[in-house]
Amino acid sequence: MVVYCYVVGSGQPVPNCPIAVSTAAVSNSNAHIDSHHTMPRPKSQLKIAYTSLPFTAGPIYTNTNQFGYAIIETKATIIGQQETLTVNAQVPGGIAQVNAVNVRYPEIYYVEAKPEWIHIGSTAMHGGSDAYNHWMRSTPAYGLLYAAQAFLAAFPSQGKIAVNDMSLPFGGKFDLAGNWTGSHQAHHRGTAVDVRANGAQYSLPSAGINQFMMYCGTYGATVVLHESVGTPNEHVHCQWPNP
């Protein structure tokens with residue numbers, strides 16, 4: 001990552017400018033409400049590029065080159081949050097420039113409710129919204145759509161299915177346990193979905209669970225599981241290959 005030291009107003013680069021570079025995690029990003037976590041957020045580590053120095057939590061101190069910039073390497077400690085990268089000019093009157101960085105897996109997008117399904121899974125620790133947990137990559141999202149359409153054609157009285165956890169907006173840790181130790185690991189890349197099978201509204205009927213699982217496999221899922229059987233969390237988990 002290229003970072004600069006420059007004169008405010010003119011934008012003129014400052015050669016050999018002493019700078020301090022640091023990172024910090026942004027509270028409440030990626031649908032993780034910090035008050036519901038029992039551990040502090042991790043943050044990315046830093047090092048001066050093209051050196052043998054180790055990565056560190058920072059801040060790190062260096063000078064810009066003759067062109068007024070320095071190159072810093074970053075290494076994510078955890079993927080799935082927003083962080084700030086701050087460059088502080090260590091000179092009289094120097095100021096800090098703060099940049100927002102989304103540390104995320106690529107190509108995950110919001111999958112809206114469709115005629116084939118409703119969204120479920122809202123929790124108080126995510127503001128009572130079910131928007132945070134319905135993000136996915138394109139191929140798995142279409143696989144789910146085709147599986148749902150085939151299933152509803154076979155069970156027309158069903159009407160819809162109820163879709164629970166996919167992935168978070170940036171991917172990464174899912175907060176299943178309400179703290180940073182919970183991983184919900186299969187959902188971290190936007191390739192998995194859980195579909196309700198517990199008898200509640202639009203639940204997969206017991207007579208159709210195996211058929212829905214078959215359709216998930218037909219449309220590309222490589223891991224298909226009937227999980228938490230006999231509990232209020234009973235569901236079918238369909239997972240497509242990670243990119």
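Position 1 is the first residue of the sequence, and the numbers go up from there. As the structure is a prediction and not an experimental result, all values here were calculated from the model. Hydrogens, waters and symmetry mates play no part in the numbers below; they use all other heavy atoms, side chains included.
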Please tell me if the side chains of [X] and [Y] come closer than 4.5 Å, counting only heavy atoms from C-beta onward.
X    : Y    : result
C238 : V236 : yes
L168 : H32  : yes
W117 : L145 : yes
V193 : V163 : yes
F55  : T74  : no
L85  : V3   : yes
P243 : R189 : yes
E116 : I161 : no

When the ring planes of H237 and H187 are compared, do they come out parallel, tilted or perpendicular, using 30° and 60° as the limits?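 Aromatic pair H237/H187 classed perpendicular.
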Give the C-alpha distance, both sets of side-chain angles, the deciding distance and a yes or no for side chain to side chain contact (heavy atoms under 4.5 Å, CB included) between L204 and F151. CA-CA 10 Å; L204 297 174; F151 176 77; 3.7 Å; yes
Shared hydrophobic cluster for [X] and [Y] (ILVMFWY, side-chain gaps under 4.5 Å):
X    : Y    : answer
I78  : Y105 : no
I48  : Y69  : no
V111 : I108 : no
L53  : Y50  : no
V14  : F67  : no

Over all atoms of both residues, closest heavy-atom pair of [X] and [Y]:
X    : Y    : value
W240 : G143 : CZ2-C, 3.5 Å
L46  : S22  : CD1-CA, 3.8 Å
A221 : V224 : CB-CG2, 3.9 Å
I19  : A89  : CG2-CA, 4.3 Å
A70  : T62  : CB-CG2, 4.3 Å
A141 : Y109 : CB-OH, 3.5 Å

Can you tell me how far [atom2] of [Y] sits from [atom1] of [X], rounded to the nearest 0.5 angstrom?
X    : Y    : atom1 : atom2 : value
N99  : T23  : CG    : OG1   : 12.0 Å
T86  : I95  : OG1   : CD1   : 11.5 Å
R196 : S203 : CZ    : OG    : 7.0 Å
F212 : Q158 : CZ    : CD    : 10.0 Å
Y132 : F174 : OH    : CZ    : 5.5 Å
K47  : I71  : NZ    : CD1   : 12.5 Å

Validation row, ring centre H134 to ring centre Y110 under 6.0 Å: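 Centroid distance H134-Y110: not below 6.0 Å, so no.
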Tell me yes or no: between the side chains of [X] and [Y], is some donor less than 3.5 Å from an acceptor?
X    : Y    : result
N63  : N16  : no
Q81  : N30  : no
E83  : S44  : yes
E234 : H226 : yes

If only atom types and distance count, is the side chain of [X] paired as donor or acceptor with the main-chain N or O of [Y] below 3.5 Å?
X    : Y    : value
N198 : A200 : yes
N133 : I120 : yes
H235 : N233 : yes

More than 12 non-hydrogen atoms from neighbouring residues, nucleotides or ligands closer than 6.0 Å to CZ on F155, yes or no? yes
Determine whether Y4 and V2 satisfy the following criterion, side chain to side chain contact (heavy atoms under 4.5 Å, CB included), listing intermediate values before the conclusion. CA-CA 7 Å; Y4 293 90; V2 178; 3.6 Å; yes
Answer yes when E112 and K114 have at least one side-chain N-carboxylate O distance shorter than 4.0 Å, and no when they do not. yes
Go through the steps to decide whether T84 and V26 satisfy the test side chain to side chain contact (heavy atoms under 4.5 Å, CB included), and finish with yes or no. CA-CA 7 Å; T84 56; V26 175; 3.8 Å; yes
